[in-house]
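These numbers were taken from a predicted model, which means no experiment stands behind them. So you know, we letter chains A, B, ... as the sequences are listed, proteins then strands, and number each from 1.
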Amino acid sequence: MFKILSTTSLNICIASLCRVKNLKNAEAVLIDGIRVGILPDVVTYNTLIDGYCRLFGIDSGYSVLGRMREAGIHPNVITYNTLLSCASRYRLLYQSLDIFDEMLQVGILPDVWSYNILMHCFFKVGKPDEAYRVFKDIFLRNIYPSPATFNIMFTGLCKNWYTDNALMLLRNLQRNGFRPELVTYNILIDGLCKSGKWRTVKGLLKEILDYGHIPNAITYTTVMKCCFKNKMFNEGLEIFSEMKAKGYTFDGFAYCTVAGALLRTGRIEEANQCMGNMFRSGIDLDMVCYNTLINLYCKEGKLEDAFGLLDEVEKMGLECDIYTHTILIDGLCKAGNIQGAQRHLKYLNKMGFRTNLVAFNSFIDGLCKLGQIEYAMQVFESMKVKDEFTYSSIVQGLCSAGRFHLAARLLLSCVRSGVRILRSDKKAVIRGLRFTGFGPQAKKVQSNIRLAKLLHY
DNA sequence: CTAGGGTTAG
């Protein structure tokens with residue numbers, strides 16, 4: 001323990017305690033400081049506000065602001081930006097706008113950070129037009145944009161599927177002398193990968209080098225993920241090897257991307273090795289890493305280990321998320337434990353998670369594979385939202401049960417509403433009809449599907 | 001105090 005000698009060292013100490021979420025000790029240090037005459041300043045309180053906001057939410061941040069005022073210390077723009085970023089983190093748009101107003105009311109001029117955070121908040125709640133207004137406002141008010149301003153803009157555009165606009169903005173800015181950072185490229189590459197614009201991605205990857213940037217682990221992980229998504233598994237794994245060869249340090253993102261792809265393609269043993277390497281590397285594991293591990297255990301058929309890890313994770317104080325539970329529900333279904341899956345679905349509901357399409361799709365698929373088609377149909381009909389996975393499982397299930405006419409009807413309604421179907425589903429239905437003596441109907445279904453597809457595209 | 005990549009189902 002080092003001795004607090006000045007307000008600066010007090011602030012450093014409090015900041016590091018806040019980082020490890022030890023607010024109790026942070027408060028103790030504050031009191032100790034006051035006792036020996038080292039008084040907190042605006043930085044001290046801003047740090048505390050951030051700590052409280054992160055741990056307990058915005059209201060607790062505001063109560064620290066109250067204490068700050070009582071201590072006779074005036075909040076500054078950073079104080080308000082801290083509160084603003086907390087509201088934005090929780091996607092509280094209206095609260096963000098209120099904070100912005102309050103800031104103006106108390107006579108604090110918002111800076112570029114304030115605008116950046118507000119813009120980001122608009123994007124996060126799916127209001128790109130409003131975000132763009134904030135963006136223009138920055139220039140209208142003669143505030144100098146920061147690199148983050150543009151990066152937030154690019155991220156927002158990409159995440160809202162405006163990748164073309166993002167690219168246009170880049171080109172426009174470049175014509176005006178803008179030099180994109182590596183982060184900017186990473187943002188655009190991710191967006192373009194996710195909208196399937198592989199060629200443009202390749203161009204940008206070259207451009208990175210033209211600017212003298214060296215792709216980092218994030219660039220690699222992004223492209224690797226894109227390969228896996230586009231069923232280019234070997235290319236993805238090659239990128240992984242290249243990363244290794246070039247000496248990049250792996251983090252949870254890289255390990256989980258690879259392990260996830262291996263698990264999805266049934267390469268369980270390799271996934272096991274990958275996760276083992278992750279363990280041995282000694283990196284801090286977060287919830288996504290644990291989810292991937294739990295998924296590995298499930299795929300290896302070690303359900304007890306999976307649930308054991310769930311307990312451990314919760315004991316460590318990490319919050320399990322919707323992925324954790326969905327993975328477990330799927331694991332239970334695949335192990336034939338329908339009751340367990342049902343119990344976990346109820347538990348999910350009790351825990352306040354919103355209804356989860358993926359989990360229900362797993363459940364339906366599990367029921368179908370166990371031959372419980374009646375029950376599966378019941379669940380299917382009770383579902384308000386369905387997607388291609390739901391239909392695929394139920395169609396396969398109906399075919400296994402020999403109910404090809406119903407399967408054909410569902411398949412057609414699928415195509416007619418523009419839901420993509422698997423070739424194997426169509427095949428199963430057609431073959432089933434033909435095999436059971438309904439050759440003409442099979443032909444009719446086939447041509448109807450073709451027609452529906454034509455009408456839809 | 002703001003910006004980038006990862007985990008679930010057919």
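Exactly one residue among Thr155(A), Asn151(A), Asn216(A), Thr222(A) makes a side-chain hydrogen bond (donor to acceptor under 3.5 Å, both in side chains) with Asn186(A). That residue is Asn216(A).
The side chain of Leu182(A) lies closest to dG4(B) when the candidates are dT2(B), dA9(B), dG4(B). Listed candidates were dT2(B), dC1(B), dA9(B). Nearest to the side chain of Val358(A) is dA9(B). Closest to the Asn291(A) side chain, of the nucleotides dG6(B), dT7(B), dG4(B), is dT7(B).
Within the 4.0 angstrom heavy-atom criterion, no nucleotide atom of any strand lies near Cys368(A). Within the nucleic acid shown, Leu422(A) comes within 4.0 Å of at least one base atom, counting heavy atoms only. As judged by a 4.0 angstrom heavy-atom cut-off over every strand, Lys194(A) is placed among residues touching the sugar-phosphate backbone only. Residue Thr326(A) is classed as a base contact, given a heavy-atom separation below 4.0 Å to a base. Using a 4.0 Å heavy-atom criterion, one finds that Lys386(A) contacts no nucleic acid atom at all. Among the atoms of the strands shown, only primed sugar atoms or phosphate atoms (P, OP1, OP2) are found under 4.0 Å from some heavy atom of Lys299(A). Across all strands shown, Asn46(A) has no heavy atoms under 4.0 Å from either base or sugar-phosphate atoms. Asp111(A) comes within contact range of no nucleotide atom at all, as no heavy-atom separation falls under 4.0 Å. Note on Glu181(A): a base of the nucleic acid sits closer than 4.0 angstrom, heavy atoms only. Residue contacts for Thr222(A): at a heavy-atom cut-off of 4.0 Å it reaches the sugar-phosphate backbone alone, with no base atom in range. Contacts of Arg264(A) with the nucleic acid, taken as non-hydrogen atoms under 4.0 Å apart, involve only primed sugar atoms and P, OP1 or OP2. Residue contacts for Asp425(A): at a heavy-atom cut-off of 4.0 Å it reaches no nucleic acid atom on any strand shown. Within 4.0 Å (heavy atoms only), Arg89(A) reaches no atom of the nucleic acid at all.
Atom pair Met383(A):CE and dA9(B):P shows a separation of 15 Å (rounding to whole Å applied). Residue Ile364(A) contributes atom CD1, which lies 20 Å from atom P of dT8(B) at whole-angstrom precision. A straight line from NZ of Lys159(A) to P of dT2(B) spans 16 Å, rounded to a whole angstrom.
Contact of the Val223(A) side chain with the Trp198(A) side chain is registered, since non-hydrogen atoms from C-beta on lie closer than 4.5 Å.
Side-chain to base pairing of Ser393(A) with dG10(B): no donor and acceptor N or O lie closer than 3.5 Å to each other. One donor-acceptor pair, N or O on each side, does fall under 3.5 Å between the base of dG6(B) and the side chain of Asp286(A).
Between Gln372(A) and Gln378(A), the side chains place no donor N or O within less than 3.5 Å of an acceptor N or O (distance only, hydrogens not considered).
A centroid separation of 6.0 Å or more is found between the aromatic rings of Phe380(A) and Phe360(A). Residues Phe240(A) and Phe250(A) place their aromatic rings such that the two centres sit under 6.0 Å apart.
Looking at Asn230(A), its side chain does come within 3.5 Å of a backbone N or O of Cys226(A) through a donor-acceptor pair.
The shortest distance between the side-chain N/O atoms of Lys225(A) and the OP1/OP2 oxygens of dG4(B) is not below 4.0 Å.
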